[in-house]
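Working notes, beginning with the structure itself.
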There are 2 protein chains.
Amino acid sequence: MKKTETRIQKKNQSAIKAAGLKVFSQFGFRGSTLDQIATEAGLSKPNILYYFSSKEAIYEALLAQLLTDWLQPVRDIDPEGEPVEEILNYAKHKMKMSRLYPRESRLYANEIIQGAPRIKSVLTCELRDVVKSLAQLINNWSEAGLIRVIDPYHLIFSIWAMTQHYADFDVQVQAILGEGDHFNDAEQYLEDMLRRMLTV
Amino acid sequence: MKKTETRIQKKNQSAIKAAGLKVFSQFGFRGSTLDQIATEAGLSKPNILYYFSSKEAIYEALLAQLLTDWLQPVRDIDPEGEPVEEILNYAKHKMKMSRLYPRESRLYANEIIQGAPRIKSVLTCELRDVVKSLAQLINNWSEAGLIRVIDPYHLIFSIWAMTQHYADFDVQVQAILGEGDHFNDAEQYLEDMLRRMLTV
DNA sequence: AATTAATTTGACCAACTTGTAAAAAAAAAC
DNA sequence: GTTTTTTTTTACAAGTTGGTCAAATTAATT
């Protein structure tokens with residue numbers, strides 16, 4: 001269908017998305033302007049609207065991409081694997097994403113804080129189902145005596161909260177710990193915490 | 001000096017602050033408009049500017065109040081108290097604040113995610129110092145063998161992350177767990193987690 | 001009741017917002 | 001090299017934004 005995609009199209013579309021990510025993640029949807037995005041992308045405003053039909057279209061393209069990347073690692077957890085290591089790997093993966101893609105994390109945080117007006121349906125469907133599966137798996141592991149009995153949902157929330165915190169609240173972390181990369185220490189702490197929570 | 005404060009002033013100022021909190025916490029500073037705040041407060045826009053010199057003045061009044069309430073519980077931790085209970089009490093207090101004042105939490109989250117442009121100095125001074133003191137206290141407790149040896153900073157971050165998560169990401173929590181109050185379970189989980197992390 | 005002070009409103013700006021449309025410029029296809 | 005398509009720009013429309021100002025209204029004081 002849409003096999004035809006010029007190199008210019010590819011280049012500019014990704015430039016716009018990169019700029020949009022930067023701006024939206026900092027100011028949220030309503031706080032961001034097309035002018036900012038255009039400047040950031042090095043394009044004129046009407047030129048941006050040549051590639052995306054509206055400001056909202058850029059935002060939604062970013063969110064859609066984000067949700068895909070967000071859910072995959074949860075699906076990748078192997079029910080046949082060693083439980084503690086599977087959960088730890090997932091947590092480490094999330095921590096790595098916070099380190100490498102803090103803007104994506106903040107974009108998502110902005111959307112959720114504002115009540116998730118554009119992705120609420122995704123939350124109550126895809127996300128809910130995926131998490132439900134994982135919770136069931138964790139419960140099975142608990143019943144099999146492979147990990148300690150634990151509330152799977154709040155376990156998952158605690159992993160999300162602690163990993164995303166270092167991306168979303170980066171300024172605060174830096175203000176307290178000084179400037180630098182604190183993700184290694186954070187990962188160490190989280191790993192220690194999870195081992196204590198999971199081992200019988 | 002400013003002893004004169006009409007009942008009308010008190011009423012309207014607090015109405016404006018309540019409205020500002022509601023709007024700012026949802027849309028962030030740049031995403032909020034004076035019209036929204038005025039409507040929410042049941043006042044006309046110029047009337048709002050009669051009480052606050054600008055949109056920014058409302059926002060800053062809210063932030064200032066917030067930071068005071070935010071730091072006090074940390075200062076209230078008793079160095080002479082029983083370490084595990086002191087930390088647990090603090091965590092429970094924070095959880096309660098997330099439950100009772102989710103808007104304040106989201107307002108703060110918005111500000112931090114956006115790079116804390118208006119309170120960065122507070123973060124690198126007051127907050128940093130207060131946390132440094134607490135970290136020192138925790139280290140002392142560790143050295144005295146009263147709690148396990150643990151990174152105090154990441155311990156604090158984990159408490160903040162997990163408590164604020166239930167306020168800031170409320171929509172997501174509700175999407176996954178269903179609508180209702182999940183703070184009791186969350187507190188239970190957090191208490192369990194902290195006990196495991198702190199007891200030798 | 002008259003005077004003074006506090007409060008509210010309506011009309012208004014200037015700057016900024018998203019988005020449009022036609023024309024100019026650049027690439028690609030032939 | 002010419003034609004056709006794609007891309008970019010310029011100019012602009014329509015609505016929104018934060019904020020001002022003087023006049024009108026209300027409340028407090030005497």
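As a basis for the values below, the full set of heavy atoms in this structure was taken, side chains included, without hydrogen atoms, waters or symmetry mates. Note on naming: letters A, B, ... go to the chains in the order of the sequence lines (proteins, then strands), and numbering restarts at 1 for each one.
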Side chains of residues 156-164 of chain A: which donor-acceptor pairs under 3.5 Å do they make with residues two or more places apart or in other chains?
{"from": "S158(A)", "atom 1": "OG", "to": "H154(A)", "atom 2": "O", "distance (Å)": "3.4"}
{"from": "S158(A)", "atom 1": "OG", "to": "L155(A)", "atom 2": "O", "distance (Å)": "2.6"}
{"from": "S158(A)", "atom 1": "OG", "to": "Y189(B)", "atom 2": "OH", "distance (Å)": "3.2"}
{"from": "W160(A)", "atom 1": "NE1", "to": "Y90(A)", "atom 2": "OH", "distance (Å)": "2.8"}
{"from": "T163(A)", "atom 1": "OG1", "to": "I159(A)", "atom 2": "O", "distance (Å)": "2.8"}
{"from": "T163(A)", "atom 1": "OG1", "to": "W160(A)", "atom 2": "O", "distance (Å)": "3.1"}

Between side-chain atoms of residues 122-129 of chain B and protein atoms elsewhere (two or more places apart, or another chain), which donor-acceptor pairs fall under 3.5 Å?
{"from": "T124(B)", "atom 1": "OG1", "to": "K120(B)", "atom 2": "O", "distance (Å)": "3.1"}
{"from": "T124(B)", "atom 1": "OG1", "to": "S121(B)", "atom 2": "O", "distance (Å)": "3.2"}

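For K22(B), the side chain to side chain donor-acceptor pair (under 3.5 Å) partners are E40(B), not counting sequence neighbours. Contacts of W141(B) classified as ring-ring contact (aromatic ring centres under 6.0 Å, His included), with partners at least two apart in sequence or in another chain: none.
Applying the salt bridge (charged side-chain N to carboxylate O under 4.0 Å, His left out) test to pairs two or more places apart or on separate chains, those with a residue in residues 91-104 of chain A are K92(A)-E191(A), R99(A)-D181(A). Within the structure, the salt bridge (charged side-chain N to carboxylate O under 4.0 Å, His left out) test picks out no pair touching residues 160-177 of chain B (sequence neighbours left out). Among pairs with a residue in residues 26-52 of chain A, those fulfilling ring pair (Phe, Tyr, Trp, His ring centres under 6.0 Å) read F24(A)-F29(A), F29(A)-Y59(A), at least two apart in sequence or across chains. Evaluation of the ring pair (Phe, Tyr, Trp, His ring centres under 6.0 Å) test over residues 113-134 of chain A, restricted to residues two or more places apart or in two chains, returns none. Listed by first then second residue, pairs satisfying salt bridge (charged side-chain N to carboxylate O under 4.0 Å, His left out) with a partner in residues 134-152 of chain A read R148(A)-D192(B), not counting sequence neighbours.
For DNA chain C, the span of nucleotides reached by chain A at under 4.0 Å from its heavy atoms goes, 5' to 3', from dT17(C) to dA28(C).
DNA chain D is contacted by both D35(B) and L49(B); D35(B) maps to the nucleotide lying nearer its 5′ end (nearest heavy atom per residue).
Under the 4.5 Å side-chain contact rule for hydrophobic residues, I113(B) and V23(A) do not share a cluster.
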Each nucleotide N or O in nucleotides 3-8 of chain D that has a protein N or O under 3.5 Å away: list the pair and distance.
{"from": "dT7(D)", "atom 1": "OP1", "to": "T6(A)", "atom 2": "OG1", "distance (Å)": "3.1"}
{"from": "dT7(D)", "atom 1": "OP2", "to": "Q9(A)", "atom 2": "NE2", "distance (Å)": "2.8"}
{"from": "dT7(D)", "atom 1": "OP2", "to": "Y50(A)", "atom 2": "OH", "distance (Å)": "3.0"}
{"from": "dT8(D)", "atom 1": "OP1", "to": "N12(A)", "atom 2": "ND2", "distance (Å)": "3.3"}
{"from": "dT8(D)", "atom 1": "OP2", "to": "N12(A)", "atom 2": "ND2", "distance (Å)": "3.0"}
{"from": "dT8(D)", "atom 1": "OP2", "to": "N47(A)", "atom 2": "OD1", "distance (Å)": "3.1"}
{"from": "dT8(D)", "atom 1": "OP2", "to": "N47(A)", "atom 2": "ND2", "distance (Å)": "3.3"}
{"from": "dT8(D)", "atom 1": "OP2", "to": "Y51(A)", "atom 2": "OH", "distance (Å)": "2.7"}
{"from": "dT8(D)", "atom 1": "O5'", "to": "N47(A)", "atom 2": "ND2", "distance (Å)": "3.2"}

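Taking every heavy atom of residues 14-26 of chain A and every atom of DNA chain D, no pair lies under 4.0 Å.
The distance from atom CD of E56(B) to atom P of dT17(D) is 18 Å, rounded to the nearest whole Å.
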